[in-house]
Amino acid sequence: MTGLEVWLLAIGLAMDCFAVSIASGIILKRIQWRPMFVMALFFGVFQALMPLLGWTGASTFSHLIESVDHWIAFAILAFLGGHMVRESFKEEDCRHDFNPTSLKVVLTMAIATSIDALAVGISFAFLGIRNFSAILSPICIIGFVSFALSMAGLIFGIKCGCGFARKLRAELWGGIILMIIGVKILIEHLFFS
């Protein structure tokens, strides 16, 4: 993957964090640096940790399915992207019944928003990333972007509220980015390898 693709992938993965952070910011209503930092840190750490876990697990058996690895990477990214696009069209009330300052709630949200990153880690193994030094840069970028977009989402939710935040359609754009990357991987492996 090129540097640009890694950054786009990181942005695509971080859109879930961004959307949840906007909703959390709406609930917080005012700047509270400590809970905001904790939430953004948890989101960034889990978004970086999950691809590493997925890559580690898949690297163990990737040699068994090398002939179809590009199809698997495409399917994972297309499924995740399609799911995000579909979720973006669901009507949601801006009132959420959770406490974004609770560590238990933040941990649950961090895990829930990083499941797709686990699948991306699996696709990294199928794309031929074989050593830790090769995956270190992408996971650091994913973690950083997730942290930054989570902080931005929290501040945006606090400042702008629900109406404008809903118009951004962060999940829709994140899903489209993931699907485009999946199609690009498939085309590269089918026609240019």
Next on the checklist: For Ile139 and Gln47: C-alpha separation, side-chain torsions, deciding distance, then whether side-chain contact (heavy atoms from CB on, under 4.5 Å) applies.
Outcome noted: CA-CA 8 Å; Ile139 63 173; Gln47 287 284 356; over 6 Å; no
Next on the checklist: Show, in sequence, the C-alpha distance, side-chain angles and deciding distance for Ile31 and Met36, and conclude whether the side-chain contact (heavy atoms from CB on, under 4.5 Å) test is met.
Outcome noted: CA-CA 8 Å; Ile31 301 284; Met36 290 168 57; 4.1 Å; yes
Item to check | side-chain contact (heavy atoms from CB on, under 4.5 Å) between Phe144 and Leu149, worked out | outcome: CA-CA 9 Å; Phe144 171 76; Leu149 284 180; over 6 Å; no
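A side-chain donor-acceptor contact under 3.5 Å links Ser114 to the backbone of Ile111. With hydrogens and angles disregarded, no donor-acceptor distance shorter than 3.5 Å links the side chain of Arg130 to the backbone of Ser59. With hydrogens and angles disregarded, no donor-acceptor distance shorter than 3.5 Å links the side chain of Gln32 to the backbone of Thr101. At least one donor-acceptor pair closer than 3.5 Å links the side chain of Trp55 to the backbone N or O of Ile129.
At a threshold of 4.5 Å between non-hydrogen side-chain atoms, the residues Phe147 and Phe37 count as touching. Contact of the Pro100 side chain with the Met39 side chain is registered, since non-hydrogen atoms from C-beta on lie closer than 4.5 Å. Residues Met151 and Trp33 have side chains in contact (heavy-atom distance under 4.5 Å, counting atoms from C-beta outward). Contact check for Ser24 versus Leu154: side-chain heavy atoms found under the 4.5 Å cut-off. Side-chain contact between Thr113 and Cys17: present, with at least one pair of heavy atoms (C-beta onward) separated by less than 4.5 Å.
For the atom pair OG1 (Thr108) and CZ (Phe42), the distance works out to 10.5 Å, reported to the nearest 0.5 Å. Note that CE of Met50 is 10.5 Å distant from CD1 of Ile122, once rounded to the nearest 0.5 Å. Taking CG from Leu52 and SG from Cys140, the interatomic distance works out to 10.0 Å, rounded to the nearest 0.5 Å. To the nearest 0.5 Å, the span separating OG on Ser150 from CE on Met109 amounts to 9.5 Å. Ile155 CD1 to Ile22 CD1: the interatomic distance, rounded to the nearest 0.5 Å, is 11.5 Å. Atoms CD1 and CD1, from Ile142 and Ile135 in turn, are 7.5 Å apart once rounded to the nearest 0.5 Å.
The shortest heavy-atom contact between Pro51 and Phe46 is CD-O, 4.4 Å. Here the closest heavy-atom approach between residue Pro138 and residue Ala134 is recorded as CD-O, 3.3 Å.
Using bins of under 30°, 30° to 60° and over 60° for the plane-to-plane angle, the ring pair Phe18/Phe156 lands in the tilted bin.
Qualifying ring pair (Phe, Tyr, Trp, His ring centres under 6.0 Å) partners for Phe132, counting only residues two or more places apart in sequence or in other chains: none.
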